Number of protein chains: 2
Amino acid sequence: MRETAHLNETRQEAAASTGGERKRGIDRVIILLEALLRQRAPMRVGDIARLIGAPRSTTYEIVNRLLEADMLETVGGDGHVYFGRAMHLFGWAYSHHNAHYPRIVEALDRLAAETGETAQLCALRGNKYVVLDCRDSTGPFRISSQVGVEVPIPWTASGRLLLTHMSDAAVRAFVPAEDYRLPDGRVIPQDEFLADIALARRQGYSESAGLADRFTWCLAAPIRDARGGVPLTLCFVLPVDTPQERRLALLAQLRERAASLDLTGE
Amino acid sequence: MRETAHLNETRQEAAASTGGERKRGIDRVIILLEALLRQRAPMRVGDIARLIGAPRSTTYEIVNRLLEADMLETVGGDGHVYFGRAMHLFGWAYSHHNAHYPRIVEALDRLAAETGETAQLCALRGNKYVVLDCRDSTGPFRISSQVGVEVPIPWTASGRLLLTHMSDAAVRAFVPAEDYRLPDGRVIPQDEFLADIALARRQGYSESAGLADRFTWCLAAPIRDARGGVPLTLCFVLPVDTPQERRLALLAQLRERAASLDLTGE
DNA sequence: CATGCTTGTCCGATATACTGTACACCTTGC
DNA sequence: GCAAGGTGTACAGTATATCGGACAAGCATG
């Protein structure tokens, strides 16, 4: 399932270049929504058509249908469209189906409010890491966390925790080779990554400095489910120069809060 | 657009009974998601097929495609499916596209935390009223507010505020006749409803007792946009026997908080 | 004014998505 | 054991959704 989802994306980009084949409406819809998510901004129909490699006439047809259904919404005077209210309701239903979700969000709120730091709720989506929700720092150090943007798992502290339920072999099969290359070009040796995961498993938390970028220090703590897996993590995104004393205090707070959220009823 | 959306629903129910015509994949998807939203619980594919009046084979096909795309998710051991993580991300993108949204949610949080009452964020969806988000009361009086469930506008205090930008004629054309009938069978005269709207417009708030059910007293206050419209409301859902003194205090708090949220930049 | 590049709509042809039906499998009840 | 009712998959035919292309209207630019 995950592999297939990944294939869709590559297929999408391929289509954008070739632009040849006839496709189902459903596939177009899925590709369109994913494209809109990655763009994170309203787009005009023409641009959407080009981006997803679909004929203009088809794109208009589909966009209009989605507008009717409130899954898309026109925004601004000209022809820009973005996600619509129906999406909010579907997403709300998804989140709150898990009865623990309000408690988790509350924990996120409190962590952010009490510390003033950027706090995030993280998970996997396919073989990528995503931020599900976040509270931005009140301070001047403002990393605009991109909710919903897929990031290679090895780039993140949370990623190490989210893989703790997997064997080394499973991790090797799961994480694409190119994801070990950091944005600055450095490559994380696979063995080191596996060791990081083992360490995170033993410690019950994970920590990373200057991984995805040079200026951030990340602290992550696991939210465990009934079977001992780690479907979610809470994490802080700190300026890399945060004093060690404060880091330790924040880490303790984070771990305590995350530990109190065991999803025993999933 | 709204009318069309409404037609879809009736068409859906018609299809469930007749079950005759061939339909597009996109339409099936939309109907399926709406059905899942109304059901508010994971369903098995067979049940979905029956509910939306689609052939079983088609339903399997569509559900499997949506599972691949993470728009649906299997839940539990047997074949139940519900909304997937992609929906959360799409919905998050929708909500947070409006830069004011975090402030609005914060206001909702604070209202609920400070008062311990059930607080809701409400809006229109088509010609129906929906709750977009809510914080349940901490007290024993617990009305499980149904986020995303469509409710006839005349049943709600917020509904009156949400129509304040419309002329009487527009309201008459907008609200279906059957929506004036309350759950207990009483019918609100249209003139009375129009007078309520006018009152809400003058007062800058709306109040209703024993409308949708006999046990609730609702207070609603408008969140205005740049053009003076009311795209959103904040409201309290109180036990009907809440003392007047407390109601007045809550109303003042609600109005103040809502007034502070003007969406000047939309 | 012409030119070039948009946007949004319309329409006929055809590739194909959707449907109906059939199948194998499992569980439940008697 | 057999029937009844469920799930999940497979396949061929046809109704039709998708596509390409044409169109008018708009808006720049020179």
Side-chain angles (χ1 to χ4, degrees), chain A residues 1 4 8 11-12 14-33 35-36 39 41-69 71-82 84, chain B residues 1 4 7-8 11-12 14-33 35-36 39 41-69 71-82:
Chain A
M1 172 159 118
T4 325
N8 289 335
R11 218 186 296 153
Q12 162 184 357
S17 55
T18 68
E21 320 142 33
R22 183 175 177 139
K23 265 197 194 133
R24 293 208 284 183
I26 298 191
D27 292 337
R28 298 282 190 206
V29 167
I30 290 169
I31 293 171
L32 190 160
L33 294 175
L36 216 47
Q39 212 69 16
M43 287 199 282
R44 280 176 312 173
V45 184
D47 297 327
I48 296 177
R50 210 171 320 115
L51 182 63
I52 70 177
R56 248 160 34 84
S57 55
T58 306
T59 308
Y60 272 103
E61 169 68 23
I62 288 176
V63 165
N64 286 331
R65 186 68 191 84
L66 294 179
L67 285 172
E68 274 179 24
M71 291 177 63
L72 293 181
E73 220 172 73
T74 63
V75 34
D78 41 359
H80 287 83
V81 299
Y82 203 51
Chain B
M1 171 158 120
T4 326
L7 277 178
N8 289 335
R11 218 188 296 152
Q12 161 185 358
S17 54
T18 67
E21 321 142 32
R22 183 178 178 134
K23 264 194 197 137
R24 291 209 285 183
I26 299 191
D27 292 337
R28 298 282 190 207
V29 167
I30 290 169
I31 293 171
L32 190 160
L33 295 175
L36 215 48
Q39 212 68 16
M43 287 198 282
R44 282 177 309 175
V45 184
D47 296 328
I48 296 176
R50 210 171 319 114
L51 182 63
I52 70 176
R56 248 161 32 83
S57 55
T58 305
T59 310
Y60 271 103
E61 167 70 22
I62 289 176
V63 165
N64 286 331
R65 187 69 191 85
L66 294 179
L67 284 172
E68 273 179 25
M71 290 177 64
L72 294 182
E73 219 173 73
T74 63
V75 32
D78 41 358
H80 287 82
V81 298
Y82 202 52

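Quick caveat, the model's predicted, so the values are computed rather than measured.
The side chain of Y60(B) has dG8(D) as its nearest neighbour among dG8(D), dT18(D), dT9(C). Of all nucleotides listed (dG20(D), dG20(C), dG8(D)), dG20(C) comes nearest to the side chain of P55(B). Among the nucleotides dG20(D), dT7(C), dT7(D), the one closest to the side chain of R44(A) is dT7(C).
Atom CG of N64(B) is separated from atom P of dT7(D) by 14 Å (rounded to the nearest Å).
With sequence neighbours left out, N64(A) forms a side chain to side chain donor-acceptor pair (under 3.5 Å) with no residue at all. S57(A) meets the side-chain contact (heavy atoms from CB on, under 4.5 Å) test with P55(A); sequence neighbours excluded. Under the rule for a ring-ring contact (aromatic ring centres under 6.0 Å, His included), Y60(B) has no partner lying at least two apart in sequence or in another chain. R56(A) meets the salt bridge (Lys or Arg N to Asp or Glu O under 4.0 Å) test with no other residue; sequence neighbours excluded.
Using a cutoff of 4.0 Å between basic side-chain nitrogens and carboxylate oxygens, E61(A) and R28(A) are not scored as salt-bridged.
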Protein-nucleotides 22-26 of chain D N/O pairs closer than 3.5 Å?
none

Pairs under 3.5 Å (N/O, protein and nucleotides 10-17 of chain C):
from	atom 1	to	atom 2	distance (Å)
dA17(C)	N3	R22(B)	NH2	2.8

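Of all the heavy atoms in V81(A) and I48(A), the pair that sits closest is CG2-CD1, 3.7 Å. The two residues L51(B) and A35(B) make their nearest non-hydrogen contact at CD2-CB, 3.8 Å.
In this structure the side chain of L36(A) reaches within 4.5 angstrom of the side chain of L72(A), judged on heavy atoms. Within the 4.5 Å cutoff, no side-chain heavy atoms of V29(B) are placed close to those of V29(A).
Mapping I26(B) and V45(B) onto DNA chain D by nearest heavy atom places V45(B) closer to the 5' end of the strand.
Taking the screw axis at each terminus of the helix from dC1(C)-dG30(D) to dC30(C)-dG1(D) from five consecutive base pairs, the angle between the two is 40° to within rounding of 10 degrees.
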